Amino acid sequence: MTVRSFEEVELGDDLPNETADVSMAQVKKFCKAAKHEFERFIDHEHARKEGFAGAIVPGIMSQGILTAMIHRWAPGATITKIDTVFRGTLLVDSEVTVSGAVTDTDDDSRVVEIDLTVVGEDGRTGVIGTALVAFPA
Amino acid sequence: MSEAAAPVDVSGARDEWVGVEFDWTTFEMDSESMIAWAEACGETDPRFTDADHPDFQAQPNFTTHCMSGRVFPKEFPQFGSGFGIDGGKTVEAHAPIRAGDRLAGVTTIADIFDKTGRSGTMIFIVQRMKFTNQNDELVSTVDWKMIKKA
């Protein structure tokens, strides 16, 4: 479900859950664009030598994935703030689920607040956060 | 026998360092990187993936990859050991970032505080980068929270 205006948003609404593409090809593409081509992100073997279970998804890529989810939910709206806490590692080439829920709405500013979560395939939470999303008048 | 760690003076460090500018770096925004970033994140909104879109701009957190020349100021106290853990990032998007923009990033220490939990006391150091474009318009503020064991 997408929302086209502030009036369509209800407190407690869930954004549609999505499975993010964190394949090695996608992470390599991100790291090249971000100039963050560190081996822990793009080389499973190297990441294991650093003590990880495999290559890990960059935290700022998780933030970008959450951003994309919000844009799909509310086309035309503007994210004015996104705050993410990196709680744990998310593995490249694993299944990662992103979700969000509306926790506040402000009629005057037409801004909604969303709680955000990224969960790994082992069920552990990798990223939590919040975003402020402004709707046009 | 190992040397005892010096006591951590978080309050003193906060008084001395919060608000002090210590790095100035410029960044060129190019459409190729902006689109590749957005596509890699699964972005489907053409505002962020189509350079021909009339409102084409970078994803709001695009500036999180712009690193200052220094992580900490010269003479900044060493808390704990090593680089620490990346605790997360907060981005405020003040205005769209367009292809061809030249951003000036100014870095400060925004906060220093500690928290004590089951695993002991952790020091939180918040590095803030403010980005203005070639028109002196503030476009983005990024807070990067680094966590170190005391």
Side-chain angles (χ1 to χ4, degrees), chain A residues 2 18-38 40-41 56-89 96 98 116 126-134, chain B residues 25 27-50 53-55 57-67 82-97 115 122 124 126 129 138-147:
Chain A
T2 60
E18 295 186 353
T19 301
D21 182 355
V22 292
S23 62
M24 183 59 82
Q26 204 76 347
V27 172
K28 282 184 173 176
K29 180 175 181 175
F30 177 85
C31 288
K32 186 176 179 187
K35 301 176 180 67
H36 271 39
E37 293 177 280
F38 304 120
R40 66 173 57 177
F41 301 137
I56 59 173
V57 179
I60 57 175
M61 181 174 177
S62 298
Q63 197 178 53
I65 287 168
L66 289 164
T67 296
M69 174 186 68
I70 294 168
H71 288 151
R72 257 187 298 284
W73 171 70
T78 300
I79 298 170
T80 58
K81 184 174 183 178
I82 182 163
D83 177 15
T84 51
V85 177
F86 306 146
R87 289 184 56 185
T89 54
V96 166
V98 292
L116 302 164
V127 179
I128 57 171
T130 58
L132 296 179
V133 182
Chain B
T25 311
F27 305 91
E28 307 289 340
M29 301 291 107
D30 69 273
S31 59
E32 188 181 340
S33 298
M34 290 159 57
I35 292 170
W37 169 295
E39 288 178 343
C41 292
E43 183 64 74
T44 50
D45 188 327
R47 286 181 295 168
F48 308 98
T49 60
D50 180 359
H53 190 281
D55 194 23
Q57 59 187 277
Q59 260 204 336
N61 73 323
F62 188 68
T63 46
T64 55
H65 81 283
C66 298
M67 304 294 289
F83 182 74
I85 302 164
D86 184 354
K89 287 193 166 72
T90 304
V91 182
E92 284 186 79
H94 308 287
I97 293 168
K115 286 185 178 179
M122 310 298 284
F124 293 72
V126 182
M129 287 186 78
L138 179 65
V139 293
S140 177
T141 303
V142 177
D143 280 0
W144 175 23
K145 196 177 292 176
M146 288 164 274
I147 307 172

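These numbers were taken from a predicted model, which means no experiment stands behind them. Proteins come first, then strands; the chains are lettered A, B, ... in the order of their sequence lines, and each starts at number 1.
Interface remark: of the candidates B/P60, B/C66, B/P96, B/S140, B/P60 forms the most heavy-atom pairs closer than 4.5 Å to chain A. Across B/N61, B/D45, B/T64, the residue that shares the most heavy-atom pairs under 4.5 angstrom with chain A is B/N61. Ranked by heavy-atom pairs under 4.5 Å with chain B, the list A/G76, A/G59, A/P58 is led by A/G76. With respect to chain B, the highest number of heavy-atom pairs below 4.5 Å among A/T67, A/D21, A/I79 belongs to A/T67. Among the candidates B/M67, B/H65, B/E92, the residue making the largest number of heavy-atom pairs closer than 4.5 Å to chain A is B/H65.
Taking the side chain as every heavy atom from C-beta outward, A/H71 and B/T44 never approach each other to under 4.5 Å. The shortest side-chain heavy-atom distance between A/D83 and B/K145 does not fall under the 4.5 Å cut-off.
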Donor-acceptor pairs are to be reported for all side-chain atoms of residues 31-38 of chain B against protein atoms at under 3.5 Å, with residues two or more places apart or in another chain.
| from | atom 1 | to | atom 2 | distance (Å) |
| --- | --- | --- | --- | --- |
| B/S33 | OG | B/D30 | OD1 | 3.0 |
| B/S33 | OG | B/D30 | OD2 | 3.1 |
| B/W37 | NE1 | B/Q59 | OE1 | 3.0 |

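Within residues 28-38 of chain A, the residues approaching chain B closer than 4.5 Å by heavy atoms are, in numerical order, A/K29, A/F30, A/A33, A/A34, A/K35, A/H36.
Side-chain atoms of A/T84 never come within 3.5 Å of backbone atoms of B/G88 as a donor-acceptor pair (strictly under, hydrogens ignored).
How far CZ of A/R87 is from CD1 of B/I85: 13.5 Å, rounded to the nearest 0.5 Å. Here CE of A/M69 is found 11.5 Å from CD of B/E43. Values are rounded to the nearest 0.5 Å.
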